[in-house]
Visitor: 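Take this structure first; my questions come after.
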Amino acid sequence: MYVESCQYLMSGGVMSPMQVNFLACQVFALGASFWFRLYLSPQFSSPVVRHAVATLFGLSFVIFCFGWYAVHISILVMVCYRILVTADIHNIHRYTMIMAVSYLAVCQVSRVFIYNYGILSTDFSGPLMIITQKTTMLAFQVHDGMCKKREDLTADQRLHAVDSKPSLIEYLSYNLNFLSILVGPCSHYKDYIDFIEGRHVQRRLSASNTGQNGYDKVSEPSPMAAVTRKLLICGVCMVLFLTLTKAFPITYNVDSHFVNEAPFLTRLTYAAFSIQAARPKFYFAWTLADAINNAAGYGFKGVDEAGQVSWDLISNISIWGIETATSFKKFIDNWNIQTGVWLKTVCYDRAPRYPTALTFILSALWHGVYPGYYFTFITAIPITLAARAVRKNVRQYFLSSHPVKLVYDVVTWAATQLCICYTVMPFLLLAVEPTMQYYRSMYFHIHIISILTVIVLSQSHKPRGSSSSSNGTKPGPYDPHPQAQPQLQPSNNNVKRK
C-alpha cells in the first residue's frame, strides 16, 4: 500500500538532481551488494565489521541524496534507540510508535502545507517511512520477547520475538543499512541479524534435526539467477514506463473536456488503462531493491518440494499475483508486501476491535497527509468488506466444475481490477478537488455497489454459531495466503544450485 518511498523515482518529465542521485545510489548499491557478499562474507569478516560497513554505506547514501536533511533520519533513529534502551519495557512499543509516527507526520505535513503538494527536491520522507516501519516493528518484537509469555503470542509473534535489546551498532545497521535505506523493504530484525552473522541461508537449508548451524556446513545456493531475473524485470518495467506510463497520464481522468464529453464507458476504460500504466514505475523500484538485497545474499526464503530455490523472503511485490488477483485482498497481499507485514505485526494482529478499519487508518497516517490517501483507504474499507461477503456467500455456488469456476475467476478478476482502479485513483490525484471530480464522473458507483453488497449479504446470511475468527484468527486484508505459493521448507535435499 505505501508507494511514497519510490514515488519520486520516476514522476515523469525530466529527472531532478535528487532523482538522479537516488538512481545512482541504487546502481552503486547493487555493485556494493555483490562486493559485500563476496569479500565481506561471514567467513572472512566479523559481524561488527559487516554492521559497520552496511551502516556507513547507508549513511553515505542519505547524505548524498538529501544533504543536511539526512540529519532528520539520524535523529529519529537515535531517539527511538534511546526509548528502546531506557523506557519501561512494558511501554517501549507505545512510546516508539508515538515518536516515530509523530516525527514522520511533521515531515509529511510540512510538504503538503508548506510546499503546496510538491515533491521536494530534497524529499527525505521516503527513508523516514522505512525507518518508521523498522523502529516500531522492532520495538513490538522486543516487547513480545522480553515482556510477554510465549503462550500469549501468536505463532508469527513467537517466531520473530526478540528476547534481548540490540546493541547500538546492531540497531544502526538494521535501520540504516545501504540495502534498504532508500526504498526498503522493511524486514524482521532476527532475519537481518541472521544475515549479518551468517545464519540466514543455513537456517532454511538445514533440517531442524541435523544440528547444522554453521555457515560452512552446507554449500549455499547462489542468488545470481534470482538477481539476473529481477534485473531483467526492471529493464522491462523501465521500457513500459517510458512508453505506456507517459501515454496514459493520470491527470487526464479529471480533464474537464474529457469528463464532460466522453461517455461513461470510455472514461471507465481510460481510468483502468491509466492505473495499469502507472504500475511499472513501482514495479521497477521495488524489484531493483529486492535484487540489491539478493545480490548481498539476503532474502533467501527456502526450497520448494521440486528443489527450486526461492529468494523472495523480503520481496515487496509479486507482479504475477497483482496482475492475476481475483479479489481485493489478494491484490493487497501481493502489493507492497512487507508494508502489509508491518501493518499486520504492529496493528492488525493486536487491535482489540475493528482491526480492518484501524489498519487502514494507520496505513493512511503512515503514507502522509495528502487528502487523496485518506479517500483511498476509507474507500477500501467497504470494498474489502463487500469482497469478503461475496466470497463467503457466493463463491461456493461456482465450484461445481472447472468451467464454472473459470467464469467466476474471470468475473472476479475484472471486478477486482476495476475496484483497484477506482480505489487508488485519489492516491495518485492527491488533492480533494480532483478526487471529488473523479468520483462524481464515476457516479460513486463502487461506493454504492460495495455498501449495498455488504448490507444485502449481511441480511441474507446470519451466522448461527461462533464466527470464523473464533479460533483466534481474524480474517482480514493482511492475512497471508499460504496456498498462493509453493511450500518452502528448510531442507537441503534436492537443492538446485546455480
Side-chain angles (χ1 to χ4, degrees), residues 1-7 54 58 62 72-81 83-84 92-108 123-144 156-157 160-162 166 170-193 195 282 285-286 289-290 292-293 298-299 313-317 332-333 335-351 358-368 373 377 477-478:
M1 292 189 179
Y2 98 94
V3 292
E4 195 67 28
S5 64
C6 62
Q7 207 165 23
V62 293
H72 291 284
I73 298 169
S74 301
I75 289 174
L76 180 58
V77 172
M78 294 308 299
V79 171
C80 288
Y81 183 70
I83 292 173
L84 188 70
I92 55 172
H93 55 308
R94 298 188 182 95
Y95 297 157
T96 302
M97 176 68 79
I98 293 171
M99 176 62 203
V101 174
S102 298
Y103 198 96
L104 176 63
V106 170
C107 297
Q108 303 280 27
D123 180 18
F124 55 92
S125 63
L128 275 181
M129 295 169 75
I130 304 298
I131 298 299
T132 299
Q133 286 188 353
K134 290 184 176 182
T135 54
T136 54
M137 188 159 70
L138 177 55
F140 273 92
Q141 291 170 346
V142 170
H143 176 260
D144 289 341
D156 281 344
Q157 290 169 354
H160 299 293
V162 178
E170 290 172 335
Y171 194 83
L172 293 177
S173 176
Y174 172 65
N175 285 285
L176 300 175
N177 70 83
F178 74 98
L179 302 174
S180 59
I181 186 62
L182 294 180
V183 183
C186 175
S187 60
H188 293 289
Y189 173 78
K190 289 175 71 173
D191 288 335
Y192 179 76
I193 294 300
F195 156 68
F282 306 120
W286 282 328
D290 196 17
I292 290 170
N293 280 272
Y298 188 31
L313 177 68
I314 57 174
S315 293
N316 230 352
I317 199 165
I332 292 174
D333 287 344
W335 176 271
N336 203 358
I337 297 170
Q338 300 308 318
T339 294
V341 171
W342 171 69
L343 290 167
K344 188 173 187 293
T345 300
V346 304
C347 182
Y348 188 84
D349 283 348
R350 303 174 192 272
L358 290 175
T359 301
F360 278 125
I361 291 172
L362 175 60
S363 183
L365 289 171
W366 175 78
H367 278 90
Y373 295 167
F377 293 114
Y478 299 101

Visitor: Which atom names give the shortest non-hydrogen contact between Ala54 and Ser173, and what distance separates them?
Guide: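 Shortest heavy-atom contact: CB-OG, 4.2 Å.
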Visitor: Run the numbers on Thr132 and Met129 for side-chain contact (heavy atoms from CB on, under 4.5 Å), then give the verdict.
Guide: CA-CA 5 Å; Thr132 299; Met129 295 169 75; 5.6 Å; no
Visitor: Quick one: does Leu84's side chain get under 4.5 Å of Tyr95's, heavy atoms only?
Guide: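 Sidechains of Tyr95 and Leu84: no contact.
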Visitor: With a 6.0 Å cut-off on ring centres, are Tyr189 and His160 close enough?
Guide: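 Distance test on ring centres: not under 6.0 Å, no.
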Visitor: Consider side-chain hydrogen bond (donor to acceptor under 3.5 Å, both in side chains). Of Tyr298, Tyr192, Tyr174, which one does Ser187 pass it with?
Guide: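 Looking at Tyr298, Tyr192, Tyr174, the match for Ser187 under the side-chain hydrogen bond (donor to acceptor under 3.5 Å, both in side chains) is Tyr298.
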Visitor: In this structure, which one of Gln157, His93, Arg350 forms a side-chain hydrogen bond (donor to acceptor under 3.5 Å, both in side chains) with Asp144?
Guide: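 Exactly one option meets the side-chain hydrogen bond (donor to acceptor under 3.5 Å, both in side chains) with Asp144, and it is Arg350.
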Visitor: If I compare all heavy atoms of Leu176 with all of Val77, which pair ends up nearest, and what's the gap?
Guide: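 Smallest interatomic distance, heavy atoms only, reads CD2-CG2, 3.9 Å.
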Visitor: Between Lys190 (side chain only) and Val162 (backbone N and O only), is there a donor and an acceptor less than 3.5 Å apart?
Guide: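 Pair absent, no side-chain N/O of Lys190 close to backbone of Val162.
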Visitor: Can you tell me how far CE of Met97 sits from SG of Cys80, rounded to the nearest 0.5 angstrom?
Guide: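 Here the interatomic distance stands at 10.5 Å.
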Visitor: Does Lys344 come within less than 4.0 Å of Asp333, counting only side-chain N to carboxylate O?
Guide: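 Looking at Lys344 and Asp333, the cut-off is not met.
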Visitor: If you round to the nearest 0.5 Å, how far is CD1 of Ile361 from CG of Leu343?
Guide: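 Reported to 0.5 Å precision, the distance equals 12.0 Å.
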Visitor: Kindly indicate whether the side chain of Val341, heavy atoms from C-beta on, has any atom under 4.5 Å from the side chain of Gln338.
Guide: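 The answer is yes; the side chains approach within 4.5 Å.
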Visitor: Can you find a pair of side-chain heavy atoms, one from Ser315 and one from Asn293, that are under 4.5 Å apart?
Guide: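 Sidechains of Asn293 and Ser315: no contact.
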Visitor: Tell me the closest heavy-atom pair linking Leu128 and Cys107, and the distance in Å.
Guide: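 That would be CD1-SG, 3.4 Å.
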Visitor: What is the distance from atom CG of Asn175 to atom CD1 of Ile130, rounded to the nearest 0.5 Å?
Guide: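 These two atoms lie 11.0 Å from each other.
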Visitor: Does a side-chain heavy-atom distance below 4.5 Å link Asp290 with Pro185?
Guide: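 With C-beta onward as the side chain, the pair stays apart.
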Visitor: Side-chain contact test, heavy atoms from C-beta onward, threshold under 4.5 Å: evaluate it for Lys134 versus Asn177 and give yes or no.
Guide: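 Sidechains of Asn177 and Lys134: in contact.
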Visitor: Over 60° means perpendicular and under 30° means parallel, so tell me whether Trp342 and Trp366 are parallel, tilted or perpendicular.
Guide: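 Trp342 vs Trp366 ring planes: tilted.
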Visitor: Would you mind reporting whether Leu358 and Leu362 have side-chain heavy atoms less than 4.5 Å apart?
Guide: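 No, every pair of side-chain atoms sits at 4.5 Å or beyond.
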Visitor: Quick check: does any side chain N or O of Gln133 sit under 3.5 Å from a backbone N or O of Thr339, one acting as donor and the other as acceptor?
Guide: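 Answer holds: no.
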Visitor: Measure across Gly58 and Phe178 and return the closest heavy-atom pair with its distance rounded to 0.1 Å.
Guide: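 Heavy-atom minimum between the residues: N-CB, 3.5 Å.
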Visitor: Once you round to the nearest 0.5 Å, how far does NE2 of His188 lie from CD1 of Ile314?
Guide: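 Atom-to-atom, His188:NE2 and Ile314:CD1 are 10.5 Å apart.
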Visitor: Let me confirm one number: the CG-CD1 distance from Leu104 to Ile131, rounded to the nearest 0.5 Å.
Guide: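 Rounded to the nearest 0.5 Å, the CG-CD1 separation comes to 11.0 Å.
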Visitor: Ile73 and Pro127: which non-hydrogen atoms are nearest, and at how many Å?
Guide: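 Smallest interatomic distance, heavy atoms only, reads CD1-CB, 3.6 Å.
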Visitor: Could you check whether the rings of Trp335 and Trp286 sit parallel, tilted or perpendicular, using 30° and 60° as the cut-offs?
Guide: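 Perpendicular.
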Visitor: Can you measure from OH (Tyr81) to CG (Leu172) and round to the nearest 0.5 angstrom?
Guide: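 If we round to the nearest 0.5 Å, Tyr81:OH and Leu172:CG are 8.0 Å apart.
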Visitor: Ile92 and His143: which non-hydrogen atoms are nearest, and at how many Å?
Guide: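 Closest heavy-atom pair between Ile92 and His143: CD1-N, 4.1 Å.
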Visitor: Can you confirm whether Leu179 sits close enough to Phe195 that some side-chain heavy atom of one is under 4.5 Å from a side-chain heavy atom of the other?
Guide: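 Side chain of Leu179 against side chain of Phe195, heavy atoms only: contact under 4.5 Å found.
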